[in-house]
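Here's the structure we're looking at; comments come further down.
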Amino acid sequence: MTAQLVSRMRGFGTTIFAEITALALETGAVNLGQGFPDTDGPTGMLDRARQAIREGLNQYPPGPGLPVLRDAVAAHRVGRYGLQYDPASEVLITVGATEAISATMLALCEAGDEVVVFEPFYDSYAAAIALAGGVRRPVTLRPVGPGGRFTFDPAQLRAAVTARTRLLLLNSPHNPTGTVLTREELAQVAQVCQEHDLIAITDEVYEHVTYDGADHIPLATFPGMRSRTVSISSAGKTFSATGWKIGWVCAPAELVQAVTTVKQFLTFTASGPFQAAVAYALGSELGWVEQSRISLQQRRDLLADGLAAVGLAVHRPAGTYFINADVRSIGVTDGTAFARALPREAGVAAIPTAVFYDDADAGRPYVRFAFCKRPDVLAEGVDRLVSYAARSSFGSWR
Ligand code: PMP
Ligand code: GLN
């Protein structure tokens, strides 16, 4: 760690995704760590990006985003959830959800303000809060029984809010636990936001990635919440284009204006041709998205069954790309040591989720496996785990 790094960023080091992907490359492991698909999104969308480049859409798009994309985002939001946003003043296009989260935090969090966040939290949340000089107030998601879904204790949520709390950052469908919060749970969150006059920031990047009939319900649809919610999403997961980094914010004009003020000095704007292609996809490729969802559910089952077959206790997710496995079921206590050794030992890479917790004890036993990979890749990963388990009985970490 360089001595020149500002104190508020010390301790962040290299992201776990970069670390594990590098380890997977070095060891030739099947990479079930970083959550990116290994197949492309809809062909029509890819063609539209090529066409946009040929047509010369290669200079700065407008700061708030191409009008055609803002229109498409607003149409999607109203069509799918009945939430109306004015594309001219209430929609902002960002460089992925990551920029949307950081810009929103920098715009709305005063140094010393507290931010309630559910842990395990996506790693950029902690960094964005730290950059803004905010203070994390974590609420821990825990499994309901062995192999159960992860959820929060409403009393812990209430206890996390103090007079200094200004923001609540929510992610559902949730990375890395795979939980899709229910209407009842969301109603509790909404009530806390209103009682304490909090602004909610919702990370909905997996809005289309839900299984077994689980429904994604935006927090902004709850009574009284639209006016106090900054809703964030992204094309990366919806259209299997994580490298395009097209995200967006939908919120009341005053909040969008605040976020825009920061965003214009982070990147100003980006990726005109990809914006045009995502606008097309939001309007014309939701059928592809549904097919992809069905295929992901099958791949979830393929990997979950494979992990269970080697004795791992699996928390089968209702959404996202990820399965959490509890390594205590194979006699291992430290999921982080396990995940760091697995690529070399077994030829499979996964993410230790303890890094997403402030409460290290709560996260210690969990390892996250991504199933947004081709079935043959998942099968190869499972085969390697099966043969490793047969040869070692997972003996080295006990
Ligand atoms: N939030 C969550 C929960 C994520 O899993 C990711 C990774 N896709 C992001 C935000 C970042 O999204 P983007 O790639 O659009 O910046
Ligand atoms: N969202 C992806 C995941 O959770 C990783 C994104 C990244 O590499 N920063 O795996």
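Computed from a predicted structure; not experimentally measured. Just follow the structure's listing: the first ligand is 1, and inside any ligand the first atom is 1.
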(request) May I ask you to identify, for Lys237, whether its side chain, its backbone, both or neither come under 4.0 Å of ligand 1 on a heavy-atom basis? (result) side chain
(request) Report the residue from Tyr125, Tyr357, Phe152 that forms a ring-ring contact (aromatic ring centres under 6.0 Å, His included) with Phe118. (result) Phe152
(request) Measure the distance from atom 9 (C) of ligand 1 to every protein heavy atom, then report the residue, atom name and distance (to 0.1 Å) of the closest one. (result) Tyr122 CE2, 3.5 Å
(message) Judged on heavy-atom distance to atom 1 (N) of ligand 1, which of Ile101, Asn171, Asp203 sits nearest?
(response) Asp203
(message) Please tell me whether Thr210 and Asp215 have a donor and an acceptor in their side chains that are separated by less than 3.5 angstrom.
(response) no
(request) Using a cut-off of 6.0 Å, state whether more than 12 heavy atoms not belonging to Gln257 lie near its atom CD. (result) no
(request) Classify the contact between Thr98 and ligand 1 as side chain, backbone, both or neither, using a heavy-atom distance cut-off of under 4.0 Å. (result) both
(request) Examine His208 together with Phe239 and report whether their ring centres are nearer than 6.0 Å. (result) no
(request) Compute both the distance and the angle, then confirm whether Lys237 meets the cation-pi test with Phe36: under 6.0 Å from the six-membered ring centre, within 45 degrees of the axis. (result) no
(request) Start with the C-alpha gap between Phe150 and His174, add the side-chain angles, then the distance that decides, and say whether ring pair (Phe, Tyr, Trp, His ring centres under 6.0 Å) holds. (result) CA-CA 9 Å; Phe150 284 69; His174 183 262; 8.1 Å; no
(request) Please list, by chain and number, the protein residues whose heavy atoms come under 4.0 Å of ligand 2. (result) Phe17, Gln34, Gly35, Tyr122, Asn175, Lys237, Phe322, Arg368
(request) Count the heavy atoms belonging to other residues, nucleotides or ligands that lie under 6.0 Å from CZ of Arg293, then report whether that count exceeds 12. (result) yes
(request) Mind checking whether His174 contacts ligand 1 via backbone (N, CA, C, O), side chain (CB onward), both or neither, at a 4.0 Å heavy-atom cut-off? (result) neither
(message) For the residue pair Thr151 / Glu185, report whether a side-chain donor-acceptor contact shorter than 3.5 Å exists.
(response) yes
(message) One thing to verify: whether Glu90 and Arg77 come together as a salt bridge, which I'm taking to mean a side-chain N less than 4.0 angstrom from a carboxylate O.
(response) no
(request) For ligand 1, note which part of Ser234 has a heavy atom under 4.0 Å away: side chain, backbone, both or neither. (result) side chain
